[in-house]
Amino acid sequence: KTEYSKHLLHRLVLREIDHDLHRTIFEKSVEHYNDRETGHGIATMAADLYGKSREVMVAYVVMGDRFQICPPKRSC
């Protein structure tokens, strides 16, 4: 199950970003990394954002059988 942090949900609305974009990147990305400083997992993928193809990254934390997607510069 994938969950969004409250802060990220707020940012998606403010920046007019599709709610499902982060989940899509997390699920379909073939590039996953581990940030040693924060402990977050990182997924990257090219995605359409604001009318252009851009490399977008998603930070996440694994919690048992759940994944929480969070802003990259904040804790989840």
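Between Met45 and Glu31 the shortest side-chain heavy-atom distance does not fall below 4.5 Å. Side-chain atoms of Val56 and Leu49, non-hydrogen and from C-beta on, do get closer than 4.5 Å to each other. Using a 4.5 Å heavy-atom cutoff, the side chains of Met63 and Val61 are in contact. Residues His7 and Cys70 fail the side-chain proximity criterion, which asks for heavy atoms closer than 4.5 Å. Contact annotation: the side chain of Glu27 approaches that of Arg23 to within less than 4.5 Å [non-hydrogen atoms, C-beta and beyond]. Contact check for Val58 versus Ile42: no side-chain heavy atoms found under the 4.5 Å cut-off.
Every residue two or more places apart in sequence or in another chain that forms a ring pair (Phe, Tyr, Trp, His ring centres under 6.0 Å) with Phe67 is listed here: Phe26. Contacts of Asp18 classified as salt bridge (charged side-chain N to carboxylate O under 4.0 Å, His left out), with partners at least two apart in sequence or in another chain: none.
For the atom pair CG (Asp20) and CD1 (Ile25), the distance works out to 11.0 Å, reported to the nearest 0.5 Å. The line from NE2 of His40 to CG of Asn34 is 10.0 Å long, rounded to the nearest 0.5 Å. Within the model, atoms OG of Ser5 and CZ of Arg11 stand 11.0 Å from one another, a figure rounded to the nearest 0.5 Å. From Leu14, atom CG reaches atom CG of Leu9 across 11.0 Å, with rounding to the nearest 0.5 Å.
For the residue pair Leu12 and His22, the shortest heavy atom distance occurs at CD2-CE1, 3.4 Å.
Of the possible donor and acceptor atoms, one in the side chain of Tyr4 sits under 3.5 Å from a partner among the backbone N and O of His19. Without hydrogens or angle criteria, His32 side chain to Ser29 main chain gives a donor-acceptor distance under 3.5 Å. Asp35 places a side-chain N or O within donor-acceptor distance of the main-chain N or O of Thr38, the cut-off being under 3.5 Å. For Tyr60 (side chain) and Glu3 (main-chain N/O), no donor-acceptor pair under 3.5 Å exists by modelled atom type.
Residue pairs meeting the salt bridge (Lys or Arg N to Asp or Glu O under 4.0 Å) criterion with at least one member in residues 40-58, sequence neighbours excluded, do not occur.
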